[in-house]
Amino acid sequence: MLRILHIIPLMIGLASPLHAQTLIGDWNCLEQLPEGEVHSQVTFKPNGRMHAKIQYKIAFPDAEILGTARYKGKFGYTAEGHLTDIPMSAKITSLTGNGMDIKNSEFARQLKAALLEDNGTLAEIKVLTSSQLVIRADGRDITCKRPQGYLGS
């Protein structure tokens, strides 16, 4: 379960100018998990940095977890075509379990630690166009689209 939020930081940039230019800018992303889903607003910057606003809704048999977080990192692209990420900062901005505030709980600290974990996991870009991005990480796809009305960075 601690992997819930660490997938988003794996959405990283590309080194080649063509790919980097296509990736740079704002994306709205969705990752479907067995327990729920994670939505994120991600911005890739030309200077190799990225930031994300993350919203998640996770349902377990005994609890529904709702929350938001912010993440900042540095991104890159390996010669083999994999995405890399170096976490810089993370903050859990809200977290509830069954409607109760758990933002200051051990669970929240574990989620933040998962966001900041640099475990060397690589992700693969499956699709990258000017309007669509699909990333495969940990055996699951993260699908992204440009925000409505997006005109570029």
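No experiment lies behind these values; they were computed from the predicted model shown.
Here the NZ-CG distance, from K74 to D85, works out to 11.0 Å after rounding to the nearest 0.5 Å. Between E35 atom CD and F60 atom CZ the span is 5.0 Å, to the nearest 0.5 Å. Rounded to the nearest 0.5 Å, atoms CD (E64) and NZ (K57) are 5.0 Å apart. Rounding to the nearest 0.5 angstrom, the gap separating the CH2 atom in W27 from the NZ atom in K145 is 11.0 Å. With values rounded to the nearest 0.5 angstrom, K126 atom NZ is found 13.0 Å from I142 atom CD1. We find the CD-SG distance between Q41 and C144 to be 11.5 Å, quoted to the nearest 0.5 Å.
Considering every non-hydrogen atom in both P147 and N28, the closest pair reads CA-ND2, 3.5 Å. Residues V42 and C29 approach most closely at CG2-SG, 4.2 Å, considering heavy atoms. Residues I102 and A108 share a closest heavy-atom pair of O-CB, 3.6 Å. Considering all non-hydrogen atoms of both residues, F107 and L95 come closest at CD2-CD2, 3.7 Å.
V38 and L116 fall into different hydrophobic clusters, where Ile, Leu, Val, Met, Phe, Trp and Tyr side chains are chained together by heavy-atom contacts under 4.5 Å. Following chains of ILVMFWY side-chain contacts shorter than 4.5 Å, one cannot reach M88 starting from I54, and the two form parts of different hydrophobic clusters. When hydrophobic clusters are built by joining Ile, Leu, Val, Met, Phe, Trp and Tyr residues whose side-chain heavy atoms come closer than 4.5 Å, directly or via intermediates, I125 is grouped together with I24.
Among residues two or more places apart in sequence or in another chain, the side chain to side chain contact (heavy atoms under 4.5 Å, CB included) test is passed with A63 by I65, N98. Applying the side chain to side chain contact (heavy atoms under 4.5 Å, CB included) rule to T43 yields the partners D26, K45, H51; only residues at least two apart in sequence or on another chain are considered. Applying the salt bridge (charged side-chain N to carboxylate O under 4.0 Å, His left out) test to R136 and every residue at least two apart in sequence or in another chain returns D141.
L66 belongs to no hydrophobic cluster with other residues, because no ILVMFWY side-chain heavy atom falls under 4.5 Å from its own, directly or through intermediates. V127 forms part of a hydrophobic cluster together with V134, judged by ILVMFWY side-chain heavy-atom separations under 4.5 Å.
Judged by distance alone, the side chain of T129 and the main-chain N or O of S131 form a donor-acceptor pair under 3.5 Å.
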Between L128 and I135, is a side-chain contact (heavy atoms from CB on, under 4.5 Å) present by the stated rule, with each step listed? CA-CA 9 Å; L128 178 58; I135 299 168; over 6 Å; no

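P87 has its side chain within reach of Y71: a pair of non-hydrogen atoms, C-beta onward, lies under 4.5 Å apart. Within the 4.5 Å cutoff, no side-chain heavy atoms of K72 are placed close to those of M50. Taking 4.5 Å as the limit, some side-chain heavy atom of E37 sits within range of a side-chain heavy atom of L30.
Among pairs with a residue in residues 88-111, those fulfilling salt bridge (Lys or Arg N to Asp or Glu O under 4.0 Å) read E106-R109, at least two apart in sequence or across chains.
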